[in-house]
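As a basis for the values below, the full set of heavy atoms in this structure was taken, side chains included, without hydrogen atoms, waters or symmetry mates. Since this is a predicted model, take the numbers as computed values, not measurements. Proteins get letters first, then strands, A, B, ... in listed order; numbering begins at 1 in each.
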Amino acid sequence: MSKTVRTRFAPSPTGFMHVGNLRTALYEYLIAKSLGGTFVLRIEDTDQERKVEGAVDIIYNTLRRAGLIHDEGPDIGGNYGPYVQSERKDMYLPYAQELIKKDKAYYCFCTKERLDMLRENSDEPGAGYDRHCRDLPAETVEENLRNGVPYVIRQKMPLEGSTTFEDAVYGTITVENSELQDQILIKADGFPTYNFANVIDDHTMNITHVVRGSEYLSSTPKYNLLYEAFGWDIPVYVHLPLIMGKNDDGTISKLAKRHGATSFDDLVNNGFLPEAIINYIALLGWAPKDNREMFTLSELTECFSIDGISKSPSVFDYDKLEWFNGEYIKTMTVEKFAEVCEPYFKKALGDKQLDSIKLASILQQRTTKLTDIPEKIAFFAEQPDYDKELFVNKKSKTTLENVPSLLKAGIDALEALSSWDHDSIHDCLIGLAETLGVKNGTAMWPVRIAASGMTVTPGGAVEILDILGREEALKRLHKGLEKLS
RNA sequence: GGCCCGGUGGUCAAGCGGCUAAGACACCGCCCUUUCACGGCGGUAACACGGGUUCGAUUCCCGUCCGGGUCACCA
């Protein structure tokens with residue numbers, strides 16, 4: 001009988017969800033779900049100084065909108081609560097004291113000032129703590145404790161030898177123990193450090209797979225030493241390659257604000273669909289066995305496996321995300337698309353009421369970012385002032401000489417129309433081209449320009465006329481004719 | 001700087017000793033067409049470098065170079 005797989009997403013409430021974090025959450029979710037396991041949410045708020053109001057809600061909202069539903073967490077409970085570290089505060093000290101008893105940790109009374117001085121006086125970057133309190137006489141420790149001297153608890157690293165661990169994606173990694181700092185376990189405020197709380201929580205919550213960014217690769221030996229000191233089973237480590245951004249000079253570095261939108265909310269506000277974001281980031285650092293690219297979350301759950309995770313960092317490509325977004329937009333029903341377009345329609349049209357289904361249908365094939373919509377349809381609300389040169393188009397064979405009569409003929413034909421709908425308008429204009437003996441484009445171009453005032457529009461003359469409605473459409477056409485005379 | 005990790009086209013990436021080195025995005029061209037898109041077809045473009053091992057290295061080993069990460073009472 002093998003243990004149930006349990007993964008956890010353990011963000012700290014910083015106020016926004018970086019895509020790197022989101023991808024970590026996604027992979028944690030996928031590893032758990034693909035193995036029939038449990039996905040846990042734990043909030044890591046041990047840094048009391050960096051608390052951000054409302055930050056936890058952002059985590060809930062993001063996870064929910066992304067579809068990464070957790071099985072246990074602060075909001076829904078579970079058998080391993082509490083799921084907020086600050087509420088677990090009292091659990092950690094006893095574990096640290098146990099370590100002291102085992103001679104794997106020690107009290108340190110060094111002041112922050114002394115530590116700062118140490119750093120300043122050192123010429124080597126990363127010189128670290130000098131282990132000043134590591135071998136304090138027991139009596140001194142007792143006395144300091146009795147007198148209430150502030151202290152931290154530090155991990156006692158072996159001075160010799162090396163520590164080796166297995167990572168599911170990076171393989172065997174060995175680090176010399178001499179490289180390891182005597183890191184702090186319990187801070188002066190009584191809170192555990194991230195590293196310590198992590199180990200205690202992961203163990204007490206029965207986490208089987210520790211999934212996190214590769215920035216933790218080099219500190220993992222410290223974790224292992226802790227597990228060993230307690231005599232606990234070591235979890236499966238799954239370190240993920242980092243997500244990078246491309247700088248203007250061509251170099252890359254950790255994805256940051258200057259590269260563009262970096263949080264889930266930013267991306268959504270920039271017109272990207274949650275499904276597209278998830279699909280895209282799933283493929284940033286993981287590849288399926290086949291060539292498939294389009295995946296819903298449940299399809300990902302079926303196909304995901306740890307051995308498809310790559311080792312090298314990947315650059316976040318907004319172009320590719322846009323492509324995914326366009327693909328998702330195209331697979332929606334028009335009704336659904338019209339629904340997500342609603343706020344953007346409103347922004348462009350204000351109070352003006354137009355058929356949103358018709359608008360949506362001309363936009364669906366040409367939209368990759370929802371935020372592009374307003375400027376594409378603004379001309380429906382208000383026709384821009386345009387130059388009559390727009391009527392001239394070589395490919396459509398329209399010139400300032402033939403356009404007036406072309407447009408006049410179009411107006412006459414359209415005014416004779418008894419019903420104003422897509423098919424009638426279409427047949428009317430196509431018929432006109434035929435009777436005039438010109439190409440469809442030659443008859444359409446002047447009409448579309450006069451109706452829109454733009455050379456490039458979503459949809460053609462027929463669609464625009466239809467959406468505009470008879471009255472407004474004819475009004476614009478006549479105005480166009482005046483402009484030409 | 002020490003340590004850890006990585007290095008296939010501009011980007012994401014297959015590949016896991018023998019291939020004309022996939023595919024996708026982006027870019028370019030052609031077709032379709034009522035502008036633009038969509039769609040279809042085609043094209044440019046890659047194994048960082050040097051040594052080994054081997055009959056044979058993109059693939060295994062070593063070195064160099066380059067890139068990233070990490071060295072907090074932050075997570």
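- Backbone-only engagement by Ser310(A) is indicated by non-hydrogen atom pairs under 4.0 Å involving sugar-phosphate atoms exclusively.
- rU53(B): no Watson-Crick or G-U partner with both key distances under 3.5 Å is found in any strand.
- Using a 4.0 Å heavy-atom cutoff across all strands shown, Phe191(A) reaches no nucleic acid atom at all.
- Counting non-hydrogen atoms under 4.0 angstrom, Val152(A) reaches a base of the nucleic acid.
- Using N1 to N3 plus N6-O4 or O6-N4 for Watson-Crick, or N1-O2 and O6-N3 for G-U wobble, each under 3.5 Å, rG42(B) pairs with rC28(B).
- When heavy atoms are screened at a 4.0 angstrom cut-off, Thr455(A) is found touching base atoms of the nucleic acid.
- Protein atom CZ of Phe295(A) is 13 Å distant from nucleotide atom C1' of rA13(B), rounded to whole Å.
- Ion pairing between Lys112(A) and Asp116(A) fails under the 4.0 Å rule for side-chain N and carboxylate O.
- A salt bridge links Lys320(A) with Glu293(A): the closest approach of a Lys/Arg side-chain nitrogen to an acidic carboxylate oxygen falls below 4.0 angstrom.
- Residue contacts shown for Val447(A) are absent, as no nucleic acid heavy atom lies under 4.0 Å away.
- Ile173(A) comes within 4.0 angstrom of sugar-phosphate atoms only, judged by non-hydrogen atoms across all strands, and of no base.
- Base-pair partner of rG1(B): rC71(B) (Watson-Crick or G-U wobble, both distances under 3.5 Å).
- No hydrogens or angles were tested; on distance alone, a donor-acceptor pair under 3.5 Å links the side chain of Arg448(A) to the base of rU35(B).
- The existence of a salt bridge linking Glu299(A) and Arg292(A) is confirmed by a sub-4.0 Å separation between a basic side-chain nitrogen and an acidic carboxylate oxygen.
- The C1' atoms of rU8(B) and rA46(B) are separated by 6 Å, rounded to the nearest whole Å.
- As the counterpart of rG23(B), rC12(B) is assigned, both hydrogen-bonding distances of the Watson-Crick or G-U wobble pattern falling under 3.5 Å.
- For the pair Asn325(A) CG and rC12(B) P, the computed distance is 20 Å after rounding to whole Å.
- Backbone-only engagement by Met244(A) is indicated by non-hydrogen atom pairs under 4.0 Å involving sugar-phosphate atoms exclusively.
- Relative orientation of the Tyr227(A) and Tyr237(A) rings is perpendicular, given thresholds of 30° and 60° on the angle between their planes.
- A cation-pi arrangement, defined by a distance under 6.0 Å to the six-membered ring centre and an angle within 45 degrees of its axis, is present between Lys483(A) and Tyr386(A).
- The base of rA14(B) is not paired with the side chain of Lys289(A) by any donor and acceptor separated by under 3.5 Å.
- Between the side chain of Tyr280(A) and the base of rA24(B) there is no donor-acceptor pair of N/O atoms closer than 3.5 Å.
- Comparing rC71(B), rG68(B), rA26(B) against the side chain of Asp319(A) picks out rA26(B) as the nearest.
- Remark: rG6(B) base-pairs with rC66(B). Criterion, Watson-Crick or G-U wobble with two distances under 3.5 Å.
- Within 4.0 Å (heavy atoms only), His18(A) reaches no atom of the nucleic acid at all.
- Among the atoms of the strands shown, only primed sugar atoms or phosphate atoms (P, OP1, OP2) are found under 4.0 Å from some heavy atom of Thr46(A).
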